[in-house]
Protein chains: 2
Amino acid sequence: MGNGNQRYTIDDVAKLAGVSKATVGRVIGNYGSVSEKTRKKVMEAVSELDYVPNTIAQGLRNHSTKTIAVVLGSIKNNYCNALVYAIEKEAMKRDYNVLICNTHENLDKEIKHLQTIRSRQVDGILLISVYTVGKVIPDKYRYLYDSPDIPMIFVDRNIIGIKKDLIESNNEQASYEATKYLISLGHRNIGVIGTVAYSTVQERLKGYRRALQEAGIPVESSMIVDAEYSENRAGQRLAAKLLDEHPETTALYVLNNTLCGTVLLELKRRGLKTPDDVSLLTWDDDEINELFDITTVVQKVDEIGKKAVNRLFELMENPQSQVYTQKVDAQLVIRKSCSVPKKHAERK
Amino acid sequence: MGNGNQRYTIDDVAKLAGVSKATVGRVIGNYGSVSEKTRKKVMEAVSELDYVPNTIAQGLRNHSTKTIAVVLGSIKNNYCNALVYAIEKEAMKRDYNVLICNTHENLDKEIKHLQTIRSRQVDGILLISVYTVGKVIPDKYRYLYDSPDIPMIFVDRNIIGIKKDLIESNNEQASYEATKYLISLGHRNIGVIGTVAYSTVQERLKGYRRALQEAGIPVESSMIVDAEYSENRAGQRLAAKLLDEHPETTALYVLNNTLCGTVLLELKRRGLKTPDDVSLLTWDDDEINELFDITTVVQKVDEIGKKAVNRLFELMENPQSQVYTQKVDAQLVIRKSCSVPKKHAERK
DNA sequence: TATTAGATTGAGAACGTTCTCAACTGATGC
DNA sequence: GCATCAGTTGAGAACGTTCTCAATCTAATA
């Protein structure tokens with residue numbers, strides 16, 4: 001009686017059932033034709049031994065490991081882990097497992113990971129790349145990004161110059177609408193805080209500019225302040241900078257969720273309340289946002305994850321498939337951190 | 001010139017170098033003896049083709065997949081993703097990759113995952129089990145938990161009745177100290193909110209009781225309220241219950257971080273401020289805790305992750321190794337959410 | 001009864017690696 | 001000149017699966 005303690009092989013099953021391993025293969029693989037009597041014998045042997053095929057051996061033979069890899073900055077990031085959650089859920093439906101690779105937003109680590117997971121023969125890769133706008137991939141490693149032998153899809157972040165499928169939020173449009181919302185409340189001096197190097201943030205900035213221009217408000221570049229990814233409490237420093245250098249600021253528009261927490265800290269330090277003293281609008285939902293009633297552009301992370309996995313499987317089936325970008329609508333969730341600007345209201 | 005587009009095999013390298021694959025194996029595996037001349041030829045062929053061994057084939061041959069699996073409730077949980085972060089970092093140092101399995105705190109999914117990762121021949125398993133105190137593992141699946149063929153370690157949560165290594169915080173002691181701290185401030189009516197079914201929470205409750213008893217304060221069982229894992233906003237409901245049924249409550253002690261956010265929400269709803277109206281002490285650090293200046297028992301997640309991986313590798317090398325439990329100190333980080341109770345202060 | 005189509009079955013190759021074993025090479029000592 | 005030895009090398013088995021191909025069996029037909 002098998003209790004899982006030993007790992008049995010297909011040969012053990014064959015011997016116990018008194019057939020060849022080819023026949024066992026037919027029964028468990030459910031192909032070819034097997035007589036009812038034999039099938040039953042085999043099934044009994046299988047459950048007797050608790051036999052489960054060795055996925056590694058299958059992988060070698062089938063050139064498929066039933067594994068997808070997710071390469072991302074850090075699983076500690078809320079957006080990322082929500083994405084991985086959705087991805088893993090979707091992958092499991094197809095009996096796939098998910099390998100996690102943190103790059104710590106570091107180019108070398110991203111490359112290292114991409115190399116390892118290649119040699120591991122993963123069936124597909126979902127990449128939230130650290131390659132930011134302006135950075136160039138060394139020729140030596142370019143194959144990691146553009147070779148077609150392993151299906152790969154970019155999620156959330158694009159790499160300019162590499163033609164791959166991309167799944168992302170409709171950053172430009174959602175940002176345009178968020179900005180328009182602020183403008184509609186009466187804000188004309190909207191300070192922007194974000195990590196500009198990310199392709200997503202660039203898109204969000206485009207939307208911001210479009211909304212301002214449409215409203216006839218000049219875009220003041222010194223009101224857009226840039227954060228480095230690695231900087232600790234960047235949000236705090238930048239909010240301070242913005243509020244010091246531009247006391248006319250009536251609204252803060254934060255383009256990365258990671259920055260928002262310490263922006264709040266700075267507001268608290270200055271005794272500024274939202275929305276009375278300053279309006280606040282940020283990207284990506286979070287428990288904090290709910291608790292603080294912060295108006296937020298919420299990305300549909302579940303949908304992005306689901307779409308990414310679906311597309312990856314399409315690509316695995318048909319690698320020649322035409323490259324394209326899918327945009328998922330992000331939604332402005334209005335809470336209570338934005339209102340008519342005080343100065344504006346007074347002026348009236 | 002290899003550009004990674006094709007996957008070359010050891011035979012390709014052998015052919016190019018004009019030697020046998022055995023010799024190539026000797027060179028890249030760095031064993032046996034090879035003449036300098038041959039070694040050079042092989043090295044050249046390797047880099048010419050950008051040859052990287054197929055990990056799957058190695059896995060089949062070596063009975064080692066260079067993979068560990070982490071089975072946990074949900075990667076969206078802050079404690080869990082911080083743990084996975086630490087685990088992955090540590091695993092990478094040893095050229096191991098990490099498979100993520102979310103159980104959604106669901107028994108069936110945990111079993112399903114354990115089965116799959118077994119057939120995948122992972123080299124080791126780190127399990128944050130959903131098996132809570134009182135639940136019994138069906139005999140049929142017991143082998144998934146106690147069979148010695150794959151090294152497995154429990155992290156954070158113990159399963160009573162299964163003898164496995166366990167890495168956890170010193171829950172009882174840290175909780176004892178946290179409670180003592182509240183008592184030292186003058187609190188005698190400390191309401192406790194937690195998901196009692198978890199082994200960790202049970203330990204924390206023990207520490208709480210010990211501190212009360214030591215101070216001669218009777219333990220009022222109706223001041224300990226229990227949350228179900230799956231309940232939405234359980235923290236809010238339970239805080240409300242506690243404050244309604246026990247208006248004498250001067251401090252809330254929250255044993256699970258997941259509950260704390262909505263506890264805050266309820267305090268906000270009632271217009272209660274910490275620490276003036278009520279003191280608040282919680283487990284597990286979080287950006288919220290920092291922002292709200294909440295006094296917190298902080299677990300050393302990095303250390304737990306590191307210890308877990310180290311121990312797992314020990315076990316992989318020596319499966320007979322004696323089972324034992326490692327406790328990692330959790331630390332009380334005092335911020336500003338606890339003070340002398342108002343009523344108490346007034347009474348004086 | 002002989003023939004044949006179709007159903008059923010097993011032997012064995014292949015996937016890409018590691019590593020044992022045996023064989024070969026030169027050089028040294030007698 | 002021959003035996004010995006260390007250093008070097010290659011053939012091929014093994015890991016556990018899938019699946020092709022050919023062989024065997026069954027039953028139905030002429």
Side-chain angles (χ1 to χ4, degrees), chain A residues 2 6-43 45-46 49-67 95 116 118-123 149-150, chain B residues 2 6-43 45-46 49-67 95 116 118-123 149-150:
Chain A
Q6 287 88 20
R7 299 258 54 105
Y8 292 103
T9 72
I10 200 170
D11 287 300
D12 299 318
V13 178
K15 201 184 287 173
L16 182 62
V19 298
S20 74
K21 60 180 176 167
T23 299
V24 178
R26 271 184 278 263
V27 173
I28 59 174
N30 212 30
Y31 63 94
S33 83
V34 186
S35 75
E36 229 8 84
K37 216 174 105 195
T38 318
R39 174 179 307 276
K40 212 181 143 207
K41 267 193 304 180
V42 171
M43 297 291 251
V46 165
L49 299 180
D50 258 343
Y51 169 72
V52 181
N54 179 325
T55 314
I56 297 304
Q58 291 181 318
L60 182 59
R61 166 70 214 213
N62 296 340
H63 301 283
S64 158
T65 52
K66 298 257 182 188
T67 309
D95 282 316
T116 338
R118 272 179 150 255
S119 67
R120 285 179 156 270
Q121 322 288 116
V122 299
D123 294 343
D149 56 349
I150 301 186
Chain B
Q6 287 88 20
R7 299 258 55 109
Y8 293 103
T9 72
I10 201 170
D11 287 299
D12 298 317
V13 177
K15 201 185 285 174
L16 182 62
V19 298
S20 74
K21 61 180 177 169
T23 298
V24 177
R26 271 185 277 262
V27 173
I28 59 174
N30 210 28
Y31 63 93
S33 83
V34 187
S35 74
E36 232 5 87
K37 218 174 101 192
T38 319
R39 176 181 305 277
K40 215 182 140 205
K41 269 194 301 181
V42 171
M43 297 290 250
V46 165
L49 299 181
D50 259 343
Y51 169 72
V52 181
N54 179 323
T55 313
I56 298 305
Q58 291 181 318
L60 181 58
R61 166 70 213 212
N62 296 339
H63 299 284
S64 159
T65 52
K66 297 253 181 192
T67 309
D95 282 316
T116 340
R118 272 178 150 254
S119 67
R120 287 179 155 268
Q121 322 287 118
V122 299
D123 295 343
D149 57 349
I150 302 185

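In what follows, chains are A, B, ... by sequence order, proteins preceding strands, each numbered from 1.
One finds the OG1 atom of A:Thr55 at 12.0 Å from the CZ atom of B:Arg118 (value rounded to the nearest 0.5 Å). For the atom pair B:Tyr51 OH and B:Asp11 CG, the distance stands at 9.0 Å (nearest 0.5 Å).
When the P atom of D:dC15 is taken as reference, atom CG of A:Asp12 falls 11 Å away, rounded to whole Å. The separation between B:Ile10 atom CD1 and D:dA11 atom C1' is 14 Å, rounded to whole Å. One interatomic measurement links the two molecules: CG of A:Asn54 to P of C:dC15, which rounds to 18 Å at whole-angstrom precision. Atom CG in A:Leu60 sits about 12 Å away from atom P in C:dT18, given to the nearest Å. Between B:Asp11 atom CG and D:dG10 atom C1' the separation is 13 Å, expressed in whole Å. For the pair B:Ile56 CD1 and D:dA14 P, the computed distance is 23 Å after rounding to whole Å. Between B:Tyr31 atom OH and D:dG10 atom C1' there is a gap of 12 Å when expressed in whole angstrom units. When rounded to the nearest whole Å, the span between CG of B:Asn62 and C1' of D:dA14 equals 12 Å.
Side chain of A:Asn62 to main chain of A:Ser64: no donor-acceptor pair is present (N/O by atom type, distance under 3.5 Å, no hydrogens or angles). The main-chain N or O of A:Lys66 is found under 3.5 Å from a side-chain atom of B:Arg120 such that the two form a donor-acceptor pair. In this structure, B:Thr23 contributes its side chain and B:Lys21 its backbone to no donor-acceptor pair below 3.5 Å. Using modelled atom types, one side-chain atom of B:Thr65 and one backbone atom of B:Gln121 make a donor-acceptor pair closer than 3.5 Å.
Phosphate proximity of D:dG16 to A:Tyr51: absent, as no side-chain N or O sits under 4.0 Å from OP1 or OP2. At D:dT17, none of the side-chain N or O atoms of A:Tyr8 fall inside 4.0 Å of OP1 or OP2 (strictly under the cut-off). One finds a side-chain N or O of B:Gln58 lying less than 4.0 angstrom from the OP1 or OP2 phosphate oxygen of C:dT18.
Remark: A:Arg39 engages A:Glu36 in a salt bridge (charged side-chain N to carboxylate O under 4.0 Å, His left out) (not counting sequence neighbours).
Side-chain to base pairing of A:Arg61 with D:dT18: one donor and one acceptor N or O lie within less than 3.5 Å of each other.
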Detail all sub-3.5 Å separations between protein N/O atoms and N/O atoms belonging to nucleotides 6-10 of chain C.
residue	atom	partner	partner atom	Å
C:dT8	OP2	A:Ser33	OG	3.3
C:dT9	OP1	A:Ser35	OG	3.3
C:dT9	OP1	A:Thr38	OG1	2.4
C:dT9	OP2	A:Ser35	N	3.0
C:dT9	OP2	A:Thr38	OG1	3.2
C:dG10	OP2	A:Ser20	N	2.9
C:dG10	OP2	A:Ser20	OG	3.1
C:dG10	OP2	A:Thr23	OG1	2.8
C:dG10	N7	A:Arg26	NH2	2.8
C:dG10	O6	A:Arg26	NH1	3.3

